[in-house]
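A short write-up of the structure that comes next.
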Amino acid sequence: MAQPLLQVRDLKVEFVLHDQGVVRAVDGVSFSIREGSTAALVGESGSGKSVIAQAIMSILPKPGRITAGQILFYDHGADAGAGAMVDIAALGANSAQMRSIRGARISMIFQEPMTSLSPLHTIGNQITETVLLHRNVAKQEARALAQEMLAKVGFPDPRRALDTYSFELSGGLRQRAMIAMALVCRPAMLIADEPTTALDVTVQAQILKLIKDLQHEFGMTVLLITHDLGVVANMAEDVVVVYHGKVMERGGLVDIYSKPQHPYLKALMKAVPRVGMTSGERLTPIREVEHTTGGYLTQCSARLPTTNSGALLQVSHISKCFRIRKGGFLGHATTPVVQALEDVSFDIKPGECLGLVGESGCGKTTLSKIIMRAIDPDSGDIFYNDGEMRSLLSLSDAELINFRRKVQFIFQDPFGSLNPRMTVYDIVSEPLVIHKIGNGEDHMQIVQELLRHVGLDPRFLQRYPHSFSGGQRQRIGIARALALNPQLLICDEPVSALDVSVQAQILNLLKDLQAELGLTFLFISHNLAVVDYMADRIAVMCAGQLVEIASREVLFRDPVHPYTKALLAAVPRTDPRQKLDLRALMEGRVSDPAAWPQPFTSNGTETPQFVDVGGGHLVRAQPSLAAELRT
Amino acid sequence: MLAYFVRRILVMIPTLLVISVLIFAIIQLPEGDYLTSQIAELEAMGETVAKEQIEFLRKQYGLDQPFVVQYFHWLGGMLRGDFGYSFEYKLPVSQVVGDRLFLSFLLSFSTIIFTWLIAFPIGVYSATHQYSWADHGLTFLGFLGLATPNFLLALVLLYFANVTFGTSIGGLMDPVYLNQPMSWGKFLSVLEHLWIPVLVIGTSHTAGMIRRLRANLLDELQKQYVVTGRAKGLPPFRLLMKYPLRMSLNPFIADIGNLLPQVVSGAAIVAIVLSLPTTGPMLLAALRSQDMYLAGSFLMFLSLLTVIGMFLSDLALAALDPRIRLHGGIRR
């Protein structure tokens, strides 16, 4: 049994807020971490898990303070005073001793690699700063150490990386630079606060692997803070579940996952969508929200075109380039072109939910905007089934207004998508006003009904968005989208800004509404588990191209395209027995079309296009070589 | 990057041309010209002016020419370094302005340095000790400075300086040193008079600057990279100086463009109240009496300073902020 490296005993942290008085964020938490192991603090946002980490680092924000308890740090490998025990809780936050621990013996990396590094200083400057703070070395030597560390975390050209700025790097590389900065002094313990939450799943898998590899190399202890049970299952040996500032349950990973004891953990596990749920299985939100149906929306039953049996929406060979204006001599010198969409075609059938997955920047949102006619494509067309197939791009302005009633949008950001100066009533009734539907009395009735539909209390009508939680705001957004009684709803990452505990509520609501109202969904997400839960068919997108479309079962059981395979392999499963297989990631080159093997990439004579490998399972490949893909 | 700056400089030329047209047109907008306002003044005093003499003067000054001709005459002169002739002072414009420019610069630079020296430490302290008693107190003082009318403060200070120190009323030096060559005594006299306008103009600027610096810095202190710095083990003061303070400087650097013209023409009201021999009151007088070449050339000079100031602040921003330097107007 290894020695404990860190022991937290009955820790209490309070925040003095001037409008709410004293809030106890951490309430008597105790746990310990063995040296060299990985422990995970799990909980939803607001559970106090990040506050515990801040207390260990002694970097609590101003109004917070430790009121009771101990944080004992047994530093066996320290240069001075081996085996010394320090009570961090008793040290001053800015005392010399605490500063010599912070960054040198215990380091931390954060959720947002975008903002964690200063944009005004080079990566090299920020890493060498850490070395110079804690080690008595010359500047040149510190720079050499930083360069060595950058090489270790996987920078292809570490010498050059020293002189780059954080905003010149991708999210994954920024997080690698953060890790390099945290580990350059070889700390005994690394605290990783949601280190991969802001990253795409393939990048997440690489970063997790990196942390694991470095942990073995340096014999380091890791405290992982996350809400993602899949990440925990892949990384941790011990798990501590936190809720409302209290430890609900703790123990070994396998024990916790195989037989969760505490109702909160059980509920959390049931609330998180995971890949490979049996179809028909329903998520159980931690806090269920009831909603009613009937009335206005269900009366308008002529929702789907019945005159023909074709697709509801047909996207046909859409391409779109964005030109980046580069400051040339007179403003129009070089215009590099970014191919946002390349020859994208697919159908959405009436009443189905088509999932669209892909990493950030792959063109998902551009596509949704083109379908909304918010931007125009360079080539290709979109057809909408209005009894007959009509081209969207040739609609006149007046016809376009009619079309807008049929397709509505649910946005990702529930905070930015609602006008803070409008009441809920104004927000939800605005579409009715714009399209001149009904009079004031009708509006009141319809809006109340819509709110009941999305599970909100109609008494909230006169409130402003700021008095609602993220999940409630998203419900308001859904009510607004439903106000015009649309046929097609485009949901662009509708739950990715929401907390795990709320995600299930919104997903279930969308699912129910789809069934009750016969809606058709285009469901865009980067989260495969969420798409798996929602969609009937799934389209996979990479670098502006659709690479594979298949029904949900087929795609997960039998992916053909290397990108789909890598994407599936990168999703952390919530089963401790199924660890991530990182070989399928092709060392991070998987989202580069040029790196795909034949027949998925162009061979110079033949460009890949969709071929049917059986039963409507479409894969982008060279047609002449596609025969071998059929099974 | 170099191409960008060359383009910026080239763009300045049409900008200045457009400004010159606007200035000339606006100066010409009020009815009449310098002579008519001069005549009106003389007639008000009960004198009569001979018609022939007026016509003669009007011809001599070119005031009978059409607008376009007058404009190009003025523009062409400026390009040759001839800024026209001041009717009021009966001197070339460059000679009228030249004298006062030095004193204006002296006053304004003293004020700017005063402002920065006071505002920066207070702003930083207020932000890092938000809602403390000292923050509240300094904020209160700042608002007091912002709310007090400058001319009132000027009069009060003038009175007390005269009563307590025996400083002569008004001006930037004791009357005996007027039109005298520079001497030690004159220098001391200037210093003795300088602190009042510096303090008066400085207080309101200081207050505004403290508020802005405090707000900027408070925003920056919330940022994640500050937490990263603390997690590194950086001592608080070094952290503050290196990261958030530097980030919050951008708006002030961007402000240099506005600072330059202020240096020349700023605080005209205070200057009038204190009867300072600076350029502010002179510009006002020139505009009122339709002394068109003096006013026009002076405004042109201010515009030039603004455009150059903007260019300089862009240059400084690019030097200090790699995001501006490396993106060059391009978002990812």
Side-chain angles (χ1 to χ4, degrees), chain A residues 18 53-54 57-62 93-94 96 98-122 125-127 129-131 133-134 164-168 170 178 181-182 184-185 191 193 324-331 333 336 338 361, chain B residues 1-11 14 127-132 135 218-250 253 314 317-332:
Chain A
H18 54 258
Q54 287 165 349
M57 289 294 281
S58 225
I59 53 169
L60 284 168
K62 267 254 174 65
N94 284 320
M98 191 61 231
R99 276 192 279 117
S100 69
I101 294 176
R102 207 155 55 205
R105 305 306 305 154
I106 310 178
S107 289
M108 188 160 176
I109 57 175
F110 302 93
Q111 173 173 359
E112 288 292 336
M114 296 285 254
T115 51
S116 299
L117 292 161
S118 159
L120 297 183
H121 303 84
T122 59
N125 177 318
Q126 294 179 64
I127 299 178
E129 182 183 35
T130 314
V131 182
L133 272 174
H134 298 292
T164 52
Y165 291 95
S166 61
F167 55 86
E168 295 177 278
S170 68
M178 266 307 283
M181 193 163 87
V184 71
C185 287
I191 302 177
D193 189 355
I324 301 176
R325 181 176 158 266
K326 222 180 171 115
F329 186 61
L330 283 168
V338 174
Chain B
M1 214 56 212
L2 186 71
Y4 169 74
F5 284 119
V6 173
R7 192 171 81 228
R8 274 297 311 267
I9 291 172
L10 288 183
V11 168
T128 48
H129 297 76
Q130 194 191 7
Y131 302 141
S132 66
D135 175 32
L218 279 178
D219 277 350
E220 293 301 327
L221 285 172
Q222 313 271 331
K223 298 269 171 78
Q224 181 67 43
Y225 65 84
V226 179
V227 182
T228 310
R230 291 178 72 195
K232 265 185 198 180
L234 268 174
F237 187 71
R238 254 173 82 187
L239 172 69
L240 177 73
M241 289 295 135
K242 181 169 177 186
Y243 297 105
L245 189 63
R246 181 157 164 209
M247 285 285 255
S248 58
L249 283 184
N250 271 11
I253 297 164
D314 280 1
L317 278 179
L320 285 174
D321 192 335
R323 286 170 299 180
I324 294 168
R325 178 167 73 242
L326 296 173
H327 278 310
I330 309 164
R331 304 291 291 154
R332 280 187 300 150

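In what follows, every chain begins at residue 1, and chains take the letters A, B, ... in the order their sequences are listed. Model, not experiment: these values are computed from the prediction.
- Contact between B/Lys232 and A/Gln126 at its shortest, heavy atoms only, is NZ-O, 2.9 Å.
- The contact between A/Ser118 and chain B is made by backbone and side chain atoms together, counting heavy-atom distances below 4.5 Å.
- Neither the backbone nor the side chain of A/Met98 comes within contact range of chain B; no heavy atoms are under 4.5 Å apart.
- A heavy-atom distance below 4.5 Å is found between the side chains of A/Leu120 and B/Arg323.
- Of the inter-residue distances, the one linking B/Asn250 atom CG with B/Asp321 atom CG reads 5.0 Å to the nearest 0.5 angstrom.
- Proximity to chain A is absent for every atom of B/Pro244, based on heavy atoms less than 4.5 angstrom apart.
- Ranked by heavy-atom pairs under 4.5 Å with chain B, the list A/Ile191, A/Thr130, A/Leu133 is led by A/Leu133.
- Both the backbone and the side chain of A/Asn125 come within contact range of chain B, judged by heavy atoms closer than 4.5 Å.
- Only the backbone of A/Ser58 comes within less than 4.5 Å of a heavy atom of chain B; no side-chain atom from C-beta onward does.
- Between B/Leu234 and B/Tyr243, some side-chain heavy-atom pair lies under the 4.5 Å cut-off.
- Only the side chain of A/Glu129 comes within contact range of chain B, judged by heavy atoms closer than 4.5 Å.
- Looking at heavy atoms from C-beta onward, B/Leu320 lies out of side-chain contact with B/Leu249 at the 4.5 angstrom threshold.
- B/Glu220 and B/Tyr225 form a side-chain donor-acceptor contact under 3.5 Å, judged by distance and modelled atom types alone.
- The greatest number of non-hydrogen atom pairs below 4.5 Å with chain B, out of A/His121, A/Lys62, A/His134, A/Met181, is found for A/His121.
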